[in-house]
Amino acid sequence: MSAPTLFATDTLRGQLQAVIRLSIPAVLSQISATAMQYIDATMVGSLGANASAAIGLVSSSTWLLSGLCAAAATGFSVQVAHRIGAGQDDRARAVVRQAVVFSVWFGLLLAAAGAAVSRPLPVWLGGAADICADAAAYFLIYALALPALLVQQMFGAILQCSGDMRTPSLLNVLMCLLDVVFNAIFIFPGLQLGPVRLPGAGMGVAGAALGTALAQAVVALLMLWAVLARSPRLRHLGGSWRPDGECLRTAARIAVPAAVERVTLSAAQIAATRIVSPLGTVAVAANSLAVTAESFCYMPGYGISAAATTLVGQSLGAGEKRRARRFAWLSTALGMAVMGGTAVVMFLLAPAIFTMLTPDAAVRSLGVQVLRIEAFAEPLFAASIVAAGALRGAGDTLAPSLMNLVSMWGVRITLAAWLAPRWGLHGVWAAMCFELCVRGVLFLVRLLRGRWLEKKAV
């Protein structure tokens with residue numbers, strides 16, 4: 001048994017430095033992911049409003065499937081954090097073996113389910129006839145790539161929870177670069193670079209999905225290699241590969257509430273898509289691009305959230321509840337400060353952002369207006385994102401899932417359905433802004449009460 005070595009400090013300054021040190025690579029990774037989304041949106045947006053609307057129509061459904069992958073990753077990665085925090089590196093490696101086997105069969109199951117519904121899905125979502133074919137093709141390719149996405153998320157989260165933020169961050173940056181290259185090849189019929197014209201597949205919207213899928217596949221293999229062959233604490237996986245009932249039950253106890261949370265959130269997003277669809281193609285495109293543009297604000301919060309999961313998880317694994325509480329609050333405060341600052345920048349630069357994302361003047365005008373509504377919610381949105389990461393580190397996933405259920409369905413969807421016929425897309429985003437503020441307050445209260453400190457998974 002090796003002793004835990006990460007972030008064992010009880011001084012406020014030392015703990016703040018630990019939060020920042022772990023957050024920086026994770027935030028940079030999220031910024032690169034945001035850049036990828038912007039580039040993807042710009043490439044697809046250059047094809048016209050219908051192309052953006054086709055992807056926007058199924059985006060809530062893709063979030064649902066990626067959310068299930070993220071929930072599964074949480075079930076195993078939190079156990080790794082606790083085992084390493086307790087100095088049980090051999091038990092951490094046993095969890096990794098279980099994660100490898102689980103990723104294979106669960107990824108294939110998700111891919112089969114997604115492929116089966118790909119054709120009727122755009123019709124179910126109320127899409128216009130002229131975008132349904134592109135939307136179905138995009139979703140089919142996305143679904144078939146889900147095994148790669150699961151491996152990328154699973155083993156990226158495991159590396160992060162082992163304390164290695166640098167490797168998954170660098171690999172995620174690589175994925176962004178590969179996505180740009182593959183998209184350029186598959187979306188357009190050709191690409192002019194100075195005097196040289198490079199050939200392209202000219203697949204349009206389907207090419208965007210294929211480019212992303214290939215980038216994910218390459219990085220998934222590299223992420224798996226980084227865990228199994230390169231990680232100082234997790235490699236050397238000699239031992240039983242049989243299903244471990246205790247590990248799988250613990251993973252289910254953590255992951256199932258997180259999966260339910262993702263399902264309820266994504267189902268709410270799908271309901272929101274149904275609310276937006278009757279507002280027309282311009283509204284659907286503006287809504288999709290505004291969601292992409294907003295990621296400029298919230299992606300740094302997800303980076304800090306990943307750091308909070310690691311710090312809280314390892315602290316509780318070592319039996320240090322006081323340190324875990326301090327890390328949770330420091331991380332949340334840092335996230336609120338960072339996202340508050342990026343919200344100001346987003347509000348000011350919204351016209352420039354939409355000029356970059358789409359040439360359609362009507363989509364640009366509407367997108368800028370709704371994006372500026374959302375800016376006011378970002379500090380409390382940050383509180384919900386980072387606090388959720390801290391709670392995940394403790395294995396506390398049931399209460400957050402219930403809070404998200406109440407917030408999304410009781411506030412956002414109800415209010416959006418009432419406001420959309422009156423204020424159009426502005427009403428939908430006003431409802432979203434108010435709901436994010438409510439959600440942030442709920443998570444701050446949960447963090448303050450401290451019951452999550454008794455939720456250690458292993």
Side-chain angles (χ1 to χ4, degrees), residues 37 40-41 44-45 47-67 114 116-143 204-206 208-209 262-295 354 357-358 360-371 373-374 408-436:
Q37 291 182 8
D40 282 358
V44 174
L47 302 176
N50 278 6
S52 296
I55 295 179
L57 181 65
V58 296
S59 61
S60 53
S61 302
T62 62
W63 295 337
L64 168 60
L65 293 175
S66 66
V117 302
S118 60
R119 183 178 293 273
L121 179 65
V123 178
W124 295 345
L125 294 175
D130 54 350
I131 67 173
C132 281
D134 277 344
Y138 182 92
F139 188 80
L140 174 62
I141 296 171
Y142 179 90
V205 170
R262 296 285 185 159
V263 169
T264 57
L265 290 177
S266 297
Q269 293 287 355
I270 293 170
T273 301
R274 291 281 300 175
I275 293 171
V276 172
S277 294
L279 301 179
T281 297
V282 169
V284 172
N287 183 70
S288 174
L289 293 177
V291 169
T292 298
E294 189 203 359
S295 63
F354 268 87
L357 291 177
T358 177
D360 191 295
V363 174
R364 284 203 305 264
S365 175
L366 182 57
V368 167
Q369 293 169 34
V370 298
L371 185 61
I373 293 172
E374 191 75 357
M408 283 292 287
W409 285 96
V411 179
R412 182 186 298 194
I413 298 304
T414 302
L415 192 56
W418 184 70
L419 290 177
R422 295 163 175 80
W423 295 355
L425 192 61
H426 298 84
V428 174
W429 279 69
M432 189 188 307
C433 177
F434 179 71
E435 181 271 326
L436 289 175

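- Counting heavy atoms from C-beta outward, L436 and E374 have side chains that approach closer than 4.5 Å.
- Across A268 and W409, no two heavy atoms sit closer than the pair N-CZ2, 3.5 Å.
- Nearest heavy atom pair, residue W429 against residue N287, reads NE1-OD1, 2.8 Å.
- What you find for D134 and A54 is that their closest heavy atoms are CB-CB, 3.8 Å.
- Under the side-chain contact (heavy atoms from CB on, under 4.5 Å) criterion, V117 pairs with W124, F139, sequence neighbours left out.
- Of the residues L121, V276, L125, the one that meets the side-chain contact (heavy atoms from CB on, under 4.5 Å) test with L57 is L125.
- Closest heavy-atom contact between P122 and A135: CG-CB, 3.8 Å.
- Remark: the backbone N or O of T62 is paired with a side-chain donor or acceptor of Y142 at under 3.5 angstrom.
- The heavy-atom pair separating A136 from S118 by the smallest distance is CB-O, 3.4 Å.
- Note that NE2 of H426 is 5.5 Å distant from CG of L366, once rounded to the nearest 0.5 Å.
- Taking E435 as the reference, S407, R412, R439 meet the side chain to side chain donor-acceptor pair (under 3.5 Å) condition, with sequence neighbours excluded.
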Distance-only donor-acceptor pairs under 3.5 Å for side chains of residues 418-425, two or more places apart:
| from | atom 1 | to | atom 2 | distance (Å) |
| --- | --- | --- | --- | --- |
| R422 | NH1 | W418 | O | 2.4 |

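- Looking at every heavy atom in both residues, G367 comes nearest to A286 through N-CB, 3.9 Å.
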